[in-house]
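The structure appears below as structure tokens.
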2 protein chains.
Amino acid sequence: MQMAELSGRTGVPVPTLKYYLREGLLMPGVPTSATRSTYAQEHVERVRLVRALVETGGLSLASARAVVLALDAPVKRALDILGTAHEALPAPGSEHPESAEVADLVTELGWQVERRAVARHSLSAALEATAQAGVPVGTEELRRYARAAQTIAEVDVQSAAAAPDLTHMLRTVVVGTVMIDPVLSALRRLAQEHVTVSRLAP
Amino acid sequence: MQMAELSGRTGVPVPTLKYYLREGLLMPGVPTSATRSTYAQEHVERVRLVRALVETGGLSLASARAVVLALDAPVKRALDILGTAHEALPAPGSEHPESAEVADLVTELGWQVERRAVARHSLSAALEATAQAGVPVGTEELRRYARAAQTIAEVDVQSAAAAPDLTHMLRTVVVGTVMIDPVLSALRRLAQEHVTVSRLAP
DNA sequence: TGACATTGGATAGTTCCACTATCACCATGG
DNA sequence: CCATGGTGATAGTGGAACTATCCAATGTCA
């Protein structure tokens with residue numbers, strides 16, 4: 001397969017594929033001559049992955065590149081996978097200091113989370129922003145959200161554990177972490193409607 | 001308070017405030033002369049809300065405007081609030097057709113959700129994109145995510161129900177729907193680490 | 001009173017991102 | 001053998017979100 005067919009199968013225009021090549025989002029094909037290369041199924045999958053990350057996951061091209069680079073790197077131990085994944089993913093508010101509220105939450109729930117985990121900063125920043133927006137999250141609500149997040153994480157980890165090898169496991173964790181967020185967001189809105197309707201019109 | 005002080009209190013530069021004024025994101029102050037207006041606390045709150053929606057919620061300025069317009073409109077019945085909120089919020093993939101998988105999920109869980117609810121399309125699009133990214137969500141996983149989403153939605157609805165009046169209720173629902181997503185995302189990553197660590201190193 | 005800063009309103013310019021177009025040159029296949 | 005399509009390089013486009021400049025009118029303070 002060469003460029004035109006890759007374009008046809010993915011729905012991405014040729015100039016854009018060239019751009020992705022330049023930007024390191026798509027690995028080069030195998031050159032068959034000075035001016036020709038062929039591409040394989042893995043290129044099709046890569047392009048589809050990039051588009052999914054960008055369009056649905058809301059990543060910038062730069063973040064998408066970090067993700068695919070992480071996927072290409074070899075994996076040593078299962079324990080490293082989550083760290084690699086969370087490093088490769090964009091962490092909004094990573095420069096925000098951790099709030100006491102977050103520290104309390106983590107210890108109170110007995111969660112085993114590194115003191116320097118970026119997600120602590122992200123959570124602090126998100127809570128701060130929510131308060132700035134005029135609708136602060138109460139302690140009790142936060143606790144209930146956290147418990148729901150834990151059941152979600154258990155599903156995540158089980159799915160990842162079902163992967164046949166470490167490479168697939170990394171892929172499941174990285175891609176899942178990015179792509180399931182929109183799924184959860186849509187499910188939440190659906191559930192909001194159900195809960196509201198069943199309360200007001202039982 | 002005039003423009004310079006509004007800028008000082010919010011940390012937003014004066015030219016940007018003028019821009020927000022032009023774009024209808026910030027309501028005009030009360031003019032005290034041909035070339036001067038004064039701003040009040042509500043303006044400070046509005047600016048902070050807009051910045052929170054844009055920076056943390058990830059909304060475009062256009063979406064943020066739709067949100068603040070919705071907040072300014074009067075509310076008639078509590079039942080309309082969720083509809084108003086979901087209309088004002090951006091719905092990724094709203095043009096995507098609803099998949100059979102989503103229809104099945106909703107009926108199977110007994111969720112009372114309008115046939116034409118946009119969240120159905122958003123969910124279909126998100127699931128499709130996840131599959132395109134090479135990590136499809138299994139039926140069983142989806143069901144478990146959905147149940148977790150329902151507990152989250154119950155917290156959402158309870159928080160909203162605690163509002164003193166319909167205006168505050170609308171505010172809680174709209175802002176909460178946008179701003180809690182990042183909170184949940186961060187909680188999920190924290191929980192992933194906890195679950196992983198307690199599995200691998202019990 | 002007069003110097004100076006600030007405001008509102010208008011218009012134009014900048015930066016970044018994600019493409020998209022064009023060009024010159026080359027290789028293959030019918 | 002030459003039209004078709006590929007390659008790499010360079011340049012251009014369009015949208016979003018600011019940012020800068022200018023102006024005349026108006027406050028503020030020495």
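Chain A is the first sequence line, chain B the second, and so forth, proteins listed ahead of strands; every chain is numbered from 1.
- With D/dT26, C/dT28, D/dA17 as the candidates, the nucleotide lying closest to the side chain of B/Y19 is D/dA17.
- Among the nucleotides D/dT7, C/dT6, D/dT19, the one closest to any side-chain atom of B/Q2 is C/dT6.
- Closest to the side chain of B/S37, from the set C/dG8, C/dT7, C/dT20, is C/dG8.
- The side chain of B/T16 contributes an N or O atom lying less than 4.0 Å from OP1 or OP2 of D/dT19.
- Between B/R65 atom CZ and D/dA16 atom C1' the separation is 12 Å, expressed in whole Å.
- Of the possible donor and acceptor atoms, one in the side chain of A/S7 sits under 3.5 Å from a partner among the backbone N and O of A/V12.
- For B/Y20 and D/dA17, the shortest distance from a side-chain N or O to OP1 or OP2 is not below 4.0 Å.
- Positionally, the nearest nucleotide of DNA chain C for A/R22 lies more toward the 5' end than for the other of A/T32 and A/R22.
- As a whole-Å value, the separation of A/L17 CG from D/dG6 P is 11 Å.
- In terms of position along DNA chain C, the nucleotide closest to B/Y39 lies nearer the 5' end than the nucleotide closest to the other residue of the pair A/R51 and B/Y39.
- Distance B/L25 CG to D/dA16 P: 13 Å, rounded to the nearest Å.
- Side-chain N or O atoms of B/S122 include none that pairs as donor or acceptor with a backbone N or O of B/G93 at under 3.5 Å.
- Regarding A/L61, its CG atom lies at a distance of 18 Å from the P atom of D/dG15, rounded to whole Å.
- A/P31 comes within 4.0 angstrom of nothing in the nucleic acid, heavy atoms only.
- Proximity note for A/K18 (side chain, C-beta onward) versus C/dG8, D/dT7, C/dA18: the nearest is D/dT7.
- Checked against A/D156 for a salt bridge (charged side-chain N to carboxylate O under 4.0 Å, His left out), the options B/R188, B/R189, B/R199 give a single hit: B/R188.
- Distance alone, capped at 3.5 Å, places no donor-acceptor pair between the A/R120 side chain and the A/R116 backbone.
- Taking atom CG on A/L6 and atom C1' on D/dG5, their separation rounds to 15 Å, with Å as the unit.
- Distance A/E55 CD to C/dA18 P: 12 Å, rounded to the nearest Å.
- For B/S33, a side-chain nitrogen or oxygen approaches OP1 or OP2 of D/dG27 to under 4.0 Å.
- Atom-to-atom, CD of A/E23 to P of C/dC19 comes out at 10 Å; the value is rounded to the nearest Å.
- Among the nucleotides C/dT7, D/dA20, C/dT20, the one closest to the side chain of B/M3 is C/dT7.
- Residue-environment remark: NE2 (B/H96) exceeds the threshold of 12 foreign heavy atoms within 6.0 Å.
- Look at CG on A/L26: it is 15 Å from C1' on C/dC19, rounded to the nearest Å.
- A donor and an acceptor atom never sit less than 3.5 Å apart when one is taken from the side chain of A/R36 and the other from the base of C/dT28.
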